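What you see is a predicted model; the values in this text were computed from it and never measured.
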Amino acid sequence: MMKAAGEITTHRTHHSGISPYIKATKHHGLSSRHGLNRGSKAFTARLAGDAIMELLPLLLACSLLFTVAAPARDITSVCASQIRDFPHRNSSGLHLTLHHPQSPCSPAPLPSDLPFSTVLSHDDARAAHLASRLATNNDAPPRRPTSLRKKAAGGRFDDSLATVPLSPGMSIGVGNYVTQLGLGTPATSYAMVVDTGSSLTWLQCSPCVVSCHRQAGPLYDPRASSTYATVPCSASQCDELQAATLNPSACSVSNVCVYQASYGDSSFSVGYLSRDTVSFGSSSFPGFYYGCGQDNEGLFGRSAGLIGLARNKLSLLSQLAPSLGNSFSYCLPTSASTGYLTIGSYNPGQYSYTPMASSSLDASLYFVTLSGMSVGGSPLAVSPSEYSSLPTIIDSGTVITRLPTSVYSALSKAVAAAMGGAARAPAFSILDTCFEGQASRLGVLAVGMAFAGGATLKLPTRNVLIDVDDSTTCLAFAPTDSTAIIGNMQQQTFSVVYDVARSRIGFAAGGCS
């Protein structure tokens with residue numbers, strides 16, 4: 001039985017002067033696994049053994065000063081009534097409820113007053129990072145150092161402590177859907193964002209030596225789990241962190257492997273690579289590798305962490321594949337409904353499929369081949385070769401679909417023509433095809449997206465237009481000259497299956513109904 005989520009907990013140790021934690025780094029520094037002295041942003045404390053005994057009085061004192069408690073969010077009976085059987089799931093496999101990031105029913109919602117312009121700016125950061133991962137040149141942005149320097153007497157900085165160069169990564173949390181995961185023995189349930197573009201699963205961990213963002217429910221406490229273990233630096237899983245996080249692993253003086261996951265909007269998580277039993281309802285899986293975060297900063301909503309579903313040995317999918325099979329499916333709901341995430345078997349006859357495109361640019365992402373688009377059944381006025389002019393990925397965390405510029409221009413013109421006399425409105429952030437009014441009242445002819453192999457998405461108005469404020473709606477697509485992305489706005493309410501074992505992706509309408 002999983003323990004119910006308790007209270008919202010915030011731990012922060014950032015304050016003026018030299019923090020107790022910084023003083024502790026004299027004894028518990030990090031060194032890189034390649035002989036270089038490395039650290040993270042004030043993150044070098046050991047989690048177990050003597051170190052925890054040394055740090056505990058300081059951590060307890062800090063928690064009294066910096067902890068904010070509030071009641072956890074309950075799922076109301078109205079929200080519970082939305083959880084039901086979905087048409088494309090079968091009786092086997094692992095079934096999880098999935099929530100829109102701004103759903104009132106989400107166990108870890110984003111702020112209700114979060115401006116949509118902020119959502120789009122974070123979405124742009126995510127798309128930019130995905131493009132940088134696929135870039136074939138060496139012009140990627142320099143890695144961003146996270147300083148560990150402590151301030152010495154007289155205002156000088158002691159440079160004896162190293163810095164960890166964190167590679168810019170994806171924006172997480174703003175566009176990502178939310179589910180729940182159980183961890184530890186006995187198991188406790190945590191609200192987690194789900195991401196097909198990330199590999200390593202991580203969550204915030206007590207004692208949260210440096211910083212934890214505000215989350216719904218209690219922090220995961222390794223000391224309360226009888227099956228928790230840290231992972232030594234010599235383990236093969238430590239070597240795999242470079243591919244999983246795009247950052248090098250580090251090693252503590254107590255020989256514990258340290259992960260560093262960084263994201264394009266300056267969010268990051270740094271902590272210990274760990275192993276414990278992961279649970280979903282009555283199903284449990286021992287020996288699951290994940291990150292136990294001690295310094296977690298950024299816009300993650302009120303989630304405890306992230307579930308990685310990319311194609312990598314450390315992803316949740318890969319670790320559960322021997323037990324459940326190497327596939328997963330989901331239906332991404334709107335903010336007014338619930339969807340699902342299923343790991344394992346599915347009903348294959350209900351989908352139209354497109355092959356996963358092979359690419360040497362990034363082995364962990366899911367590539368597809370877009371072959372055509374139409375508005376109201378009429379093909380766009382663009383050369384067929386333009387659709388495949390850029391690498392195309394499908395991604396659960398990107399909100400707005402990016403199309404090759406020529407394809408987007410043709411789509412924009414066709415949609416505007418189909419809208420008839422609808423008054424145009426000024427561009428909004430990255431969206432430049434906008435109209436006065438609300439999508440539900442304007443309507444638009446169905447937009448078709450065709451993929452290699454015959455798979456199709458027939459998009460109704462709700463997947464084509466997005467309301468940016470009370471009086472303006474915009475085309476939910478944007479142009480790109482680097483990497484095309486099939487975003488979650490276009491996937492909403494469709495059932496999408498990622499059959500990694502058979503190297504194919506399938507689509508079926510009405511997935512959340």
Side-chain angles (χ1 to χ4, degrees), residues 72-89 95-120 122-123 173-180 191-196 216 299-303 329-342 395-401 428 431 434-435 437-444 446-447 457-477 486-496 507-513:
R73 184 180 188 87
D74 292 325
I75 300 298
T76 66
S77 58
V78 173
C79 294
S81 68
Q82 296 181 3
I83 300 173
R84 57 195 181 277
D85 289 332
F86 295 96
H88 301 296
R89 302 194 315 187
H95 305 306
L96 311 176
T97 301
L98 207 55
H99 297 277
H100 188 281
Q102 291 183 299
S103 168
C105 298
S106 171
L110 290 172
S112 59
D113 58 351
L114 184 70
F116 189 60
S117 58
T118 300
V119 173
L120 291 178
H122 280 263
D123 197 54
V174 170
N176 293 77
Y177 286 72
V178 180
T179 191
Q180 291 186 303
M192 306 280 282
V193 296
V194 175
D195 188 23
T196 60
L299 186 58
F300 298 100
R302 286 164 56 192
S303 66
S329 59
Y330 57 61
C331 181
L332 305 180
T334 67
S335 59
S337 63
T338 55
Y340 66 84
L341 168 67
T342 292
D395 181 47
S396 67
T398 300
V399 178
I400 302 298
T401 287
F428 186 92
L431 307 178
C434 300
F435 305 89
Q438 297 285 281
S440 60
R441 296 183 178 181
L442 292 174
V444 68
V447 171
L457 285 173
K458 186 177 181 180
L459 307 177
T461 299
R462 67 172 177 265
N463 299 98
V464 177
L465 299 178
I466 188 166
D467 294 332
V468 299
D469 56 38
D470 292 338
S471 60
T472 309
T473 191
C474 298
L475 180 63
F477 294 80
I486 310 302
N488 63 39
M489 181 67 188
Q490 283 61 48
Q491 298 178 57
Q492 277 183 12
T493 73
F494 287 87
S495 184
V496 183
F507 303 102
C512 295
S513 60

A.B. asks: Side chains of Leu96 and Tyr330, heavy atoms from C-beta outward: is any pair under 4.5 Å?
C.D. replies: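 In short, these two side chains do not touch, never coming nearer than 4.5 Å.
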A.B. asks: So, taking the atom named CZ in Phe494 and the one named OG in Ser329, what distance separates them when rounded to the nearest 0.5 Å?
C.D. replies: 15.5 Å
A.B. asks: Work out which heavy atom in Asp470 is nearest to a heavy atom in Gln438; give both atom names and the distance.
C.D. replies: O-NE2, 2.9 Å
A.B. asks: Could you check whether any side-chain heavy atom of Met489 comes within less than 4.5 Å of a side-chain heavy atom of Ile466, counting everything from C-beta outward?
C.D. replies: yes
A.B. asks: Looking at every non-hydrogen atom in both residues, tell me the closest pair between Pro101 and Gly175 and how far apart they are.
C.D. replies: CG-C, 4.2 Å
A.B. asks: Between Thr97 and Thr179, which heavy-atom pair has the shortest distance, and what is it?
C.D. replies: O-OG1, 2.7 Å
A.B. asks: Looking at Gln491 and Ile486, what are the two nearest heavy atoms and their distance?
C.D. replies: NE2-O, 3.2 Å
A.B. asks: If you measure from CG on Asp469 to SG on Cys474, what distance do you get to the nearest 0.5 Å?
C.D. replies: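 Spacing of CG (Asp469) from SG (Cys474) equals 8.0 Å.
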A.B. asks: For residues Val399 and Leu120, determine if any side-chain heavy atom of one lies less than 4.5 Å from a side-chain heavy atom of the other.
C.D. replies: no
A.B. asks: Which heavy-atom pair separates Cys331 from Gly511 by the least distance, and what is that distance?
C.D. replies: SG-C, 3.3 Å
A.B. asks: Could you pull out the closest heavy-atom pair between Ser335 and Pro104, with the gap in Å?
C.D. replies: O-CD, 3.6 Å
A.B. asks: Distance alone, cut at 3.5 Å: any donor-acceptor contact between the side chains of Ser396 and Asn488?
C.D. replies: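 Judged by distance alone, the side chains do not pair up.
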A.B. asks: Kindly compute the distance separating OG1 (Thr472) from CZ (Phe435), expressed to the nearest 0.5 Å.
C.D. replies: 11.5 Å
A.B. asks: Between Asn463 and Leu457, does the side-chain contact (heavy atoms from CB on, under 4.5 Å) criterion hold? Intermediate values first, please.
C.D. replies: CA-CA 10 Å; Asn463 299 98; Leu457 285 173; over 6 Å; no
A.B. asks: Evaluate Ile400 against Leu431 for side-chain contact (heavy atoms from CB on, under 4.5 Å), listing each step before the verdict.
C.D. replies: CA-CA 9 Å; Ile400 302 298; Leu431 307 178; 4.0 Å; yes
A.B. asks: Look at the aromatic rings of Phe428 and Phe116 and report parallel, tilted or perpendicular, splitting at 30° and 60°.
C.D. replies: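 Geometry flag for Phe116 against Phe428: parallel rings.
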A.B. asks: When you compare the side chain of Pro107 with that of Gln180, does any pair of heavy atoms fall below 4.5 Å?
C.D. replies: yes
A.B. asks: If we ignore angles and hydrogens, is there a donor and acceptor under 3.5 Å between the side chains of Thr401 and Gln490?
C.D. replies: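 Judged by distance alone, the side chains do pair up.
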A.B. asks: Walk me through it: do Tyr177 and His99 pass the test side-chain contact (heavy atoms from CB on, under 4.5 Å)?
C.D. replies: CA-CA 6 Å; Tyr177 286 72; His99 297 277; over 6 Å; no
A.B. asks: Under 3.5 Å, is there a donor-acceptor pair between the Ser495 and Tyr340 side chains?
C.D. replies: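 Short answer, yes.
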A.B. asks: Do Thr338 and Leu98 have side-chain heavy atoms sitting under 4.5 Å apart?
C.D. replies: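 Thr338 does not reach Leu98 side chain to side chain.
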A.B. asks: Would you find a donor on one side and an acceptor on the other, under 3.5 Å apart, between the side chain of Asn176 and the backbone of Val194?
C.D. replies: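 Yes; judged by distance alone, with no hydrogens or angles, the pair exists.
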A.B. asks: Should Thr473 and Val468 be marked as a side-chain contact (heavy atoms from CB on, under 4.5 Å) after you check the CA-CA gap, both sets of side-chain angles, and the distance that decides it?
C.D. replies: CA-CA 6 Å; Thr473 191; Val468 299; over 6 Å; no
A.B. asks: Please check: side-chain N/O of Thr461 versus main-chain N/O of Val444, any donor-acceptor pairing under 3.5 Å?
C.D. replies: yes
A.B. asks: Do Arg462 and Ser440 have a side chain donor and acceptor closer than 3.5 Å?
C.D. replies: no
